[in-house]
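First up is the structure itself, then whatever we jot down about it.
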Amino acid sequence: MKAKYERVMIKLSGEALAGDQGFGINPSTVKDICTSIKSVYDLGVEISIVVGGGNFWRGRQSDEMDKSTADYMGMLATVLNALALQDSLEGMGIPVRVQTAIEMREIAEPYIKRKAVRHLEKNRIVIFAAGTGNPFFTTDTTAALRAAEIDANIILLAKNVDAVYDSDPNINPDAKKYSHLSYLDVINRGLKVMDSTAITLCMDNHIPILVFGLNDPKNILRAISGEKIGTLINGDKNE
Ligand code: GTP
C-alpha cells in the first residue's frame, strides 16, 4: 500500500481513548489506536498528533467556574492523553516526542516549531499537548494551528461518527451523509465538525480535513491511502 500524504496531522478526541468505559484511559483501546497509527508510520508517513482531553475534563462543567480555569484544566487533561499515547507507541518501538504548549520541562519538551519539524524529518512521531497554551481555544484549533505551522498535507479528524451529516444520524435515520464539503459549507450550514476558529484557520491556510470514524481503527490506514471514506473538506466547490 502506498501513502497519499507525506506529513499528516491526526486529531484524536480524548473520548476515543476511553473506549466503552467512557471516562479515562482504556489501555486496550489506546493499544488498538496506536497499532493503526503504527501501520501508517510503517508506510513512511511523517505523523503528528493532537489529542483532546474530554475523557477527563470537558470545558466548563458549571457556570460558576471561571472559563479560563476550566480551559487550563482541559489543557492538562490533554497532557495525560499525550503521555499515554507516547507510552503505547514507544512500546511498539516507535520514537515519539511530546511537546507541550505550556512549559513543564520535567514532563516533556516545550513546543518549538523547528524542533518539531526536525523530529518529523527524523521519523519520530510528535504529539502536541496542552492545546495552544491559551484558554478559549479548542484542541481542534490546536490541530489546525500546528498543522499550518509544520506544513501538514492534511488533518485526519478521527470522530465517533463515520462522516459529516446534515443532522444527527443517531436521531434522524434520513440524515444525509456528505462525502465532500467546502470550508464555507461547514461554516454557513453550521455543521458541527470543528469550531469556527479551527475551520477558518484551515480555510485560510488551505489545509484539507478528512473526517472519518474511529470505530474501525483501520480507517486511519484507509484515509492515508486515499481510499474514499468519511467526508473531505477543502476549498473546492461542493458537488
Ligand atoms: P535530536 O537532537 O534531533 O537528536 O533530538 P532528540 O529529541 O533525540 O534530542 P534531545 O537531546 O533534544 O532529547 C533527548 C531526549 O530528551 C528526548 O526523549 C526528548 O524528548 C527529551 N527532552 C528534550 N528536551 C526536553 C525537555 O525540555 N524536557 C523533557 N522532559 N524532556 C526533554
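Ligands are counted one by one from 1 in listed order, and the atoms in each one are counted from 1 as well. The chain is numbered in sequence order, starting from 1. Quick note: numbers below take in every heavy atom, side chains included, and nothing from hydrogens, waters or symmetry partners. Here the structure is a predicted model, which means the values were calculated and not measured.
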In short, ring pair (Phe, Tyr, Trp, His ring centres under 6.0 Å) pairs touching residues 4-33 with sequence neighbours left out are F23-F56
If I compare all heavy atoms of I171 with all of P173, which pair ends up nearest, and what's the gap?
O-CD, 3.4 Å
Side chains of T142 and T139, donor plus acceptor under 3.5 Å:
no
Who passes side-chain hydrogen bond (donor to acceptor under 3.5 Å, both in side chains) against K4, sequence neighbours left out?
none
Any side chain to side chain donor-acceptor pair (under 3.5 Å) involving residues 86-101? Give me the pairs, sequence neighbours left out, ordered by first then second residue.
Q99-E109
Is the terminal nitrogen or CZ of K159 (NZ for Lys, CZ for Arg) located under 6.0 angstrom from the six-membered ring centre of F212 and within 45° of that ring's axis?
no
Protein residues having a heavy atom less than 4.0 Å from any atom of ligand 1:
R97, R105, E106, I107, A108, E109, P110, K115, H119, K122, R124
